[in-house]
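The figures here come from the full heavy-atom set of this structure, side chains too, leaving out hydrogens, waters and symmetry mates. Just so you know, residue 1 is the first one in the sequence shown, and it goes up from there.
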Amino acid sequence: MLSSVCVVDGVLLAIGGEDQDGSKTSSIYGLHLDEKKWRHVGNLPFACSWVDTLLLSGGGLLMVDGDTQQVLKITVQGKYFCTGIELIKLFSGLAKLFPIGKEADQSQKEADERRLYEEAMTKGYVETSVTKCLILGAAGVGKTHLKHLLLKKDPPQQRVSTGLADNPVRAISFSLAGVSVQEEDDWFVVEDDQALLKVVGGTIRDGGVSMATSLNKVVGSFPKMAIHVSSDGAGVLHPDPTPADVHVTMDTSHQSRTVSIEEELIHHINHSSDKEKLFGVKWIQFIDSGGQLQYHDILPLFFQNPGVAIFVLNLSEELSHHAAIEYYGADGKPVSRPYQSSLSHEQILQHCLGAIRSQDARPLIITVGTHRDAADRCSESIKEKNLKLKALLDAGSFRILCNGERLKEIIFAVNGKTPQEEDRHVSKVLRQKIASMCPQAIKLPIAWFGLEVLLQRSSHDGILSLIECQVCAQSLHIEGDAFSAALHHLVHYNVFLHYPEILPQTVFCDPQVVLTKVTELVEYHHKLLHSPDEGVAAESDLVTFRDHGLLSVELLSKFPKHYTEGLFTPEELLKLLVSVRAIAMTSVGGEFLMPALLPHLDSGQVSKYRQQGTSLRIRPNKGCIPSGLFCCLVAHLLSPTNQSPWKVCMDGDQPLCLYRNCITFELQHTTELVTLVDMFSYILLHVDEMSSQVCREIRCCVHSGIKSACGILKYQGLQFEDGFMCAGASCTSDPSHVAVVVSEKKWKCSIRGHQSGDLSECQLMWFGESGVRRQDPSTSDLLDSEPSLPLLMDKVAKIPSKCWAIGLQLGLTTAELQAICPQQQGLENYHRAFGEIFGEWMRRRSLPYTWRTLINVLRSPSVGEVLLSEQLTSWITRDLTK
């Protein structure tokens, strides 16, 4: 019995049933049409109950057993017979890849999609611009409602306090064929990994991916990130890469899981909508932050250099108003009683602006007022608020978004809780302005987006080992420097967190793993501080945590969420928080102080210190003390890494003075007590019994701590100057005025420059027997100014042997330098090479583009041009102003 018949190259092929001897085989017969004669050409190795026959383009015949899903390929050779039976292993549904007619067209389409996928993953890149938009303000002013309004989402139905910060929510603004879709207010919000794959699929399908012969040039534009592996060799990768089917099996001590994105991504290449694309795209990452002051002091440790900063205030309250703080848990219920903020809305804005101004970025400042419908209940009108805030922002030389053409109005008024058409229009204007402020587009390998999804899906509760990340990256052909650059990119935009110097083997694929641990501490502290004492007194660690912000491993173990044995434990969390200066080790064994959790000392108690004319005042050259600096300074002073660690002064078993803004310390090897006070606009140092040696040591130690804190917080543009309470005739009534030390034994009023005088003997003690040796502020300003390219070439481009060393120090990669000035071609074109290196530094600004940066590069051990750096410094201070 014949079950299937077809014609191939003039030969009629037929499949027969079982042989007469009952063996489990089927026969193949061939009949040439000219001879009209059947020939037996072979047997199949199994019996076919029924067979589908499908023609192949190569002149062969594909037969599929419908029961077993096995495939046989038969090739016709010569004129009369068939040979070469080949058994092919078939996955379910493979037969559908070889249909005829319309189905054949679908087969070709899917093959094209797979080819597009392979090419995009191996050598494709896209050009996009990315900016971080940080939403700041006091607690309860409506930051979360504003974020929902900007993303065109319904307002939240339940009040839940935002923790330290929410994960960035990415929105896409489009520009296709030269027409900006954002004019139609069409945004696509990427809230999960599936949405991201849709975007990538649509981009690949519609030709949004550019192809490079090599991605080395693209990858080379990103700074390297140091990747550490254990010295014992554990975790060294096997030399054979994982197959390129993006099908990775994790087999670790944590859990075993298989992840794959290839089929899903190929599906999205075919089915993504028109707006789900990356090319011509501007990514905006909206980051909603917590409004409690504890969060304000910790946030700069994790989120830095935003491109846009939105400050939110309540229009129903005056700028001088100290808001009532309430904390609501995830269930929408309050976890603490309301309490008054120690800072006003205006002061919180100044704190946040101080942090932003001190970092590399110069973001756009947007001021949004919520509770628009209740603005008329406030004694301070919107117009008055505009004038005050405009003067404050103008004084800091910030980039300000004005409301329409009326340049004096900077407040955008909205109702976030019950938005009306007017509010939606304002949010549309803000979206357009934010999108227009995106930086210059950068080239990103399209595979990096796939890597992001792959790592997130492979992670164990948001955590992966570095080795697991590298294995996943290999499956996408991302290895070596390319992997380092990809990880750096994901960390830079807060998609991931990685601390190579602290926890080198741990990658946080979900930032909330770390952010939630901080949130848990702050929320629990609120609960203990504002709840009855039942059950607390019995546990001493809870008492010290509540009253003095002291942590221990045992306390952190009470919050088991996210901990992963071997990757992230309470001990490793402590190590991380100590390293970023969020906490500090105390003299009490096993306990750590978290300064941000300390209560705030009211101004009346603090005033007794600022009335002292001999107390040293250290103030920033611009604005007030930025968020987080004082807490970070305290952590440094208590740290064992400090050359002479300080200790919190104790009165019996209780601290003498331990507050978030005022702490009394005792020094090693001396009985002197030092009080450090955050006076908002300056840091005050008070010593009970002054001596020249002790005061000079204290001053140097605090300046060193400020420098360390600025380094951790990336406050690179901040300079500090010494001073005292101004003794000028018109300033004595205002103890906040500072007399800045301008030269040896001289002071000058920082506000009324014509008032000056001599320092007293007690004031001179802060500078030791050698007197005041301080760099003139104008010199500091010159060193922090931006150099012109011609001057750079004239002063520095004269040492060809150091071309590569200087380029590496300025953030260029070896691949980039090889392209600029190949080592094997000698140094004939070093002048041109220096021009390209300095041009890349000026464009990229991975390091501050200042004379000071270049001087530090010249002094670095790898460059070793100390003499040239001194000559350059002398020329800057002597001739640059001429």
Between [Y] and [X], is there a side-chain heavy-atom distance shorter than 4.5 Å?
X: L684; Y: L676; answer: no
X: I625; Y: S681; answer: no
X: Q347; Y: H322; answer: yes
X: M725; Y: R617; answer: yes
X: Y493; Y: P168; answer: no
X: L364; Y: I400; answer: no
X: R581; Y: S639; answer: yes
X: I618; Y: I706; answer: yes

Atom pairs and distances, donor-acceptor, side-chain atoms in residues 593-601, under 3.5 Å, two or more places apart:
from: H600; atom 1: NE2; to: N661; atom 2: ND2; distance (Å): 3.4

Mind checking salt bridge (charged side-chain N to carboxylate O under 4.0 Å, His left out) for [X] and listing every partner two or more places apart, or none if nothing turns up?
X: D602; answer: none
X: E840; answer: R843, R844
X: K707; answer: none
X: K385; answer: E380

Spacing of [atom1] belonging to [X] relative to [atom2] belonging to [Y], to within rounding of 0.5 Å:
X: L134; Y: I310; atom1: CG; atom2: CD1; value: 9.0 Å
X: L658; Y: T664; atom1: CG; atom2: OG1; value: 9.0 Å
X: S627; Y: Q350; atom1: OG; atom2: CD; value: 11.0 Å
X: Y295; Y: L515; atom1: OH; atom2: CG; value: 10.0 Å
X: C352; Y: I365; atom1: SG; atom2: CD1; value: 9.5 Å
X: C624; Y: L353; atom1: SG; atom2: CG; value: 8.0 Å

Ring pair (Phe, Tyr, Trp, His ring centres under 6.0 Å) against [X], all qualifying residues, sequence neighbours excluded:
X: Y499; value: none
X: H351; value: F680
X: Y659; value: none
X: F665; value: W646

Test side-chain contact (heavy atoms from CB on, under 4.5 Å) on L293 and S342; report intermediate values, then the result. CA-CA 8 Å; L293 293 182; S342 58; 3.1 Å; yes
Tell me every residue that passes side-chain hydrogen bond (donor to acceptor under 3.5 Å, both in side chains) with E346, counting only those two or more places apart in sequence or in another chain.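 Counting only residues at least two positions away or on another chain, E346 forms no side-chain hydrogen bond (donor to acceptor under 3.5 Å, both in side chains).
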Give the minimum heavy-atom separation between [X] and [Y], together with the two atoms involved.
X: V857; Y: Q809; value: CG1-CB, 3.6 Å
X: E666; Y: V648; value: OE2-O, 4.0 Å
X: Y715; Y: A355; value: OH-CB, 3.1 Å
X: I712; Y: S579; value: CD1-O, 4.1 Å
X: C695; Y: M765; value: CB-O, 3.5 Å
X: H636; Y: S708; value: ND1-OG, 3.5 Å

Any sub-3.5 Å donor-acceptor pair from [X]'s side-chain atoms to [Y]'s backbone N or O?
X: Q763; Y: S760; answer: yes
X: Y849; Y: W841; answer: no
X: K575; Y: I502; answer: yes
X: K143; Y: A138; answer: yes
X: N386; Y: I411; answer: yes

Residue pair K132 / N494, side-chain donor-acceptor N/O under 3.5 Å: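 Per modelled atom types, K132 and N494 side chains form a pair under 3.5 Å.
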Side chains of H686 and T675: donor-acceptor distance under 3.5 Å anywhere?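 On atom types as modelled, these side chains do not qualify, holding no pair under 3.5 Å.
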Could you give me the CA-CA distance, side-chain angles and deciding distance for C649 and C657, then say whether side-chain contact (heavy atoms from CB on, under 4.5 Å) is met? CA-CA 7 Å; C649 182; C657 179; over 6 Å; no
Scan for salt bridge (Lys or Arg N to Asp or Glu O under 4.0 Å) pairs involving residues 292-313, sequence neighbours excluded, and state none if there are none.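 Non-adjacent pairs meeting salt bridge (Lys or Arg N to Asp or Glu O under 4.0 Å): D297-R660.
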Check step by step if side-chain hydrogen bond (donor to acceptor under 3.5 Å, both in side chains) holds for H703 and D722. CA-CA 10 Å; H703 271 289; D722 298 316; 2.6 Å; yes
Would you sort out whether V687 and L673 count as a side-chain contact (heavy atoms from CB on, under 4.5 Å), showing the intermediate values? CA-CA 6 Å; V687 181; L673 300 183; over 6 Å; no
With L808 via side-chain contact (heavy atoms from CB on, under 4.5 Å) - residues at least two apart: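 With sequence neighbours excluded, L808 shows a side-chain contact (heavy atoms from CB on, under 4.5 Å) to T814, L817, given in chain and number order.
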Could you go step by step and tell me if F303 and I287 meet the side-chain contact (heavy atoms from CB on, under 4.5 Å) rule? CA-CA 9 Å; F303 293 93; I287 304 171; 3.6 Å; yes
